[in-house]
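Chain identifiers are assigned alphabetically (A, B, ...) following the order of the sequence lines, protein sequences preceding nucleic acid strands; residue numbering begins at 1 within each chain. The structure displayed is predicted, hence computed values, not measured ones. Side chains are part of it too, since the values below use all heavy atoms of this structure and drop only hydrogens, waters and symmetry mates.
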Amino acid sequence: MTFLHLKISKSFPLLFFNRARSFSSEPPLNKPLTEKAFFKSNTKDGLISRLCIDGRFKEAIDILCEQQRLTKAVQLLTHINRPSASIYSTLIQHCLQQRALDQGKLVHAHTRLSGFEPGLFLCNRFIDLYAKCGSLLDAQEVFDEMAERDLCSWNTMISGYTKVGKLGEARKLFDEMPERDNFSWTAMISGYVHHEMPKEALELFRMMQTHDNSKSNKFTVSSVLAASAALQSLRMGKEIHGYIMRTGLDSDEVVWSALSDMYGKCGSIDEARRIFDKMVNRDVVTWTAMIGRYFEDGKKEEGLALFSELMNSGIRPNEFTFAGVLNACAGHAAENLGKQVHAYMTRIGFDPVSFAASALVHMYSKCGNTANANKVFKGMPCPDLVSWTSLIVGYAQNGQPDEALQLFESLLKSGTRPDHVTFVGVLSACAHAGFVDKGLEYFHSIKEKHGLTYTADHYACAVDLLARAGRFEEAENIINEMPMQPDKFLWASVIGGCRIHGNVKLAKRAAEALFELEPENPATYVTLANIYATAGMWSEVTNVRKKMDERGIIKTPGLSWIEIKREMHVFLVGDKSHPRYNEIDHYLCELSKRMREEGYVPDTNFVLHDVEEEQKEQNLSYHSEKLAVVFGIVSTPSGTPIKVFKNLRTCVDCHNAIKYISKISNRRIIVRDSNRFHCFEDGKCSCLDYW
DNA sequence: CTAGGGTTAG
């Protein structure tokens with residue numbers, strides 16, 4: 001190991017890199033710079049050379065680390081006669097900060113080559129480095145070879161395993177360790193919380209309180225508060241709240257923040273706000289959580305008010321905040337608001353590789369603006385899987401199945417690996433487009449080509465494809481052969497297909513399964529009744545209706561809304577409360593006449609009630625989507641596209657009627673129902689009557 | 001040296 005005793009000469013820089021090159025046959029070093037590039041790269045390099053010539057390597061390494069030039073700092077190691085523990089420690093510290101696994105391994109190799117005994121402290125740092133980089137095998141090796149271990153060694157291993165989701169391994173160590181402190185407990189508890197195992201987290205918390213002398217601290221209680229929030233267990237949350245007050249752990253802002261969020265997630269949003277208001281130093285995390293709770297609770301106004309308060313507070317919203325607000329915009333199809341947020345983000349700057357960026361793609365997709373979604377997507381240097389999937393789904397729901405599938409093919413070409421959600425998007429694109437066989441091909445490729453395991457959703461999608469096409473026998477084969485119980489999504493697809501093709505027998509089986517799985521969902525009753533009505537089986541319709549009454553199930557009222565001049569106008573079925581109702585009614589009558597002349601025949605089968613023909617027709621013309629569409633037409637200049645949103649699936653008659661309306665009024669009419677977008681133009685719909 | 005609260009795709 002001659003390099004360790006190398007004498008530094010005046011021609012140091014050149015020599016330095018030559019040595020580095022020759023050493024690279026051992027552990028791989030990064031490519032050395034040429035001498036010229038070295039001098040060009042940084043003005044402090046002269047100083048570093050000087051320090052090295054004087055043998056002051058520690059200082060040189062410090063400077064290099066500060067400049068984040070780890071590779072060179074590690075290379076310098078080869079010139080030091082006996083590196084001190086503090087030099088190794090500095091280097092590892094920086095490797096840790098930069099998550100530089102390769103450089104860390106080099107430093108580790110150096111300690112071995114130079115015969116340096118790392119000691120407890122340094123070994124723990126190596127474990128931490130390997131664990132943080134997800135290289136648990138290396139971490140375990142260091143851990144196993146250690147002559148003595150302290151609590152920190154164990155705790156670092158445990159948190160390393162929990163970080164990569166190996167809760168079982170972590171728990172094994174946790175159970176094996178000779179003694180535990182609150183780090184051990186908290187690492188294990190928070191590991192459970194982060195991997196959606198809140199029950200286990202709370203169980204461990206109980207154990208901690210009864211079986212061990214370790215005291216929980218602010219870290220522990222924040223974690224268990226998150227666990228109660230995940231379980232929506234207000235009882236548990238309140239209990240912990242009491243514990244926090246008793247033990248004086250309430251002096252920490254993070255604990256307060258977690259407490260507020262727990263109340264919000266458990267449905268006590270006012271209590272959450274009370275705690276939020278009491279806090280003195282609210283950081284952006286606290287704000288984000290509170291804003292998010294309002295949106296989640298459907299309290300858009302409060303959420304927005306708080307968001308603008310945040311913008312004026314001097315605290316900079318971050319990607320989490322934006323993602324939350326944008327997600328709310330997506331859910332409410334509030335594209336204008338989303339655009340404003342987008343503009344604000346652009347003004348203050350945002351990371352194009354972040355949750356916020358993918359939330360933008362999601363928002364535009366959900367609002368039916370695939371052009372903008374695509375624009376944002378194209379602006380991302382390296383789109384993540386969520387953005388890919390959002391856009392694919394966006395195309396699928398917007399009647400652009402070819403674009404959806406094309407995008408999926410580019411995804412494959414880009415080297416990004418699709419996951420199970422991506423395939424749900426791809427399969428639903430095929431279903432929306434009626435590409436049955438192509439969809440089945442993709443379905444088979446999930447396992448065969450991509451090596452993924454089928455989820456219940458994939459089976460539901462495959463069945464959806466077949467049922468929509470009326471290929472019930474194949475659908476039933478899949479149901480009978482799938483390795484898990486069919487879930488409600490699958491049966492809902494089946495009954496949907498039965499509705500299109502009038503398959504009463506299978507509809508009955510699906511409905512029975514659905515009554516078991518989600519007896520309170522009114523959609524099942526309504527669809528079943530409609531299927532019976534179509535078949536003219538009126539006594540069965542009455543039975544279903546009776547069953548609904550007995551079980552106290554109320555049909556979800558159809559609700560449509562339209563944004564005109566930044567104002568939302570909401571319409572219910574048969575809603576006469578709008579201030580401009582007369583105008584709407586008048587135009588609707590006029591339209592009806594024109595529509596009939598064009599050949600429109602009201603389809604009255606899809607009405608739940610068994611009533612006289614004439615009255616049925618009357619019911620239909622006042623469905624909320626028609627009211628909203630007509631209101632859109634009478635309140636905008638001719639030629640303006642109309643964009644309406646509905647909370648339920650659009651009914652067959654409305655779908656048909658709006659086709660005629662688009663032709664007569666010469667408008668582009670976009671209806672986003674609970675399932676997808678319908679883009680009506682000149683008497684045709686983008687869904688090709690397939691939804 | 002090891003540990004905490006907020007956020008996305010069907």
Going through the distances and angles, do A/R274 and A/D270 end up as a salt bridge (charged side-chain N to carboxylate O under 4.0 Å, His left out)?
CA-CA 6 Å; A/R274 230 172 48 79; A/D270 294 333; over 6 Å; no
Please state whether the base of B/dG5 and the side chain of A/S257 form at least one donor-acceptor pair under 3.5 Å?
yes
Suppose we call a contact any N or O donor and acceptor under 3.5 Å apart; does that hold for the side chain of A/T286 and the base of B/dG5?
yes
State whether [X] places a side-chain N or O below 4.0 Å from either non-bridging phosphate oxygen (OP1 or OP2) of [N].
X	N	result
A/K163	B/dA3	yes
A/R293	B/dT7	yes
A/K265	B/dG6	yes

[X] [atom1] to [N] [atom2], straight-line distance once rounded to whole Å:
X	N	atom1	atom2	answer
A/N124	B/dA3	CG	P	12 Å
A/D252	B/dG6	CG	C1'	15 Å
A/F307	B/dT7	CZ	C1'	13 Å
A/H195	B/dG4	NE2	P	12 Å
A/I189	B/dA3	CD1	C1'	10 Å
A/F174	B/dA3	CZ	P	16 Å

Tell me the salt bridge (charged side-chain N to carboxylate O under 4.0 Å, His left out) pairs involving residues 245-268 of chain A, sequence neighbours left out?
A/K218-A/D252, A/D261-A/K265, A/D261-A/R293
Touch class at under 4.0 angstrom, heavy-atom based, for [X] against every strand present:
X	result
A/D261	sugar-phosphate
A/H458	nothing
A/V255	base
A/D150	base

Taking A/S89 for the side chain and A/A85 for the main chain, is one N or O donor matched with an acceptor at less than 3.5 Å?
no
Which residues pass the side-chain hydrogen bond (donor to acceptor under 3.5 Å, both in side chains) test with [X], not counting sequence neighbours?
X	answer
A/Q400	A/T370
A/S223	none
A/S222	none

Taking the minimum atom-to-atom distance to the side chain of A/V284, which one of B/dA9, B/dT2, B/dG6 wins?
B/dG6
Would you indicate which nucleotide in B/dG6, B/dT2, B/dG4 comes nearest to any side-chain atom of A/T156?
B/dT2
Do any of [range] sit with a heavy atom less than 4.0 Å from DNA chain B, and if so which?
range	result
residues 418-426 of chain A	A/D419, A/V421, A/V424
residues 178-185 of chain A	A/F183
residues 314-328 of chain A	A/N318, A/F320, A/N327
residues 349-368 of chain A	A/F355, A/S358, A/H362, A/K366

Partner residues of [X] under the ring-ring contact (aromatic ring centres under 6.0 Å, His included) criterion, sequence neighbours left out:
X	value
A/Y192	none
A/Y459	A/F443, A/Y454
A/H420	none
A/F295	none

Show your working on salt bridge (charged side-chain N to carboxylate O under 4.0 Å, His left out) between A/K199 and A/E203 and close with a plain yes or no.
CA-CA 6 Å; A/K199 275 202 184 116; A/E203 205 174 292; over 6 Å; no
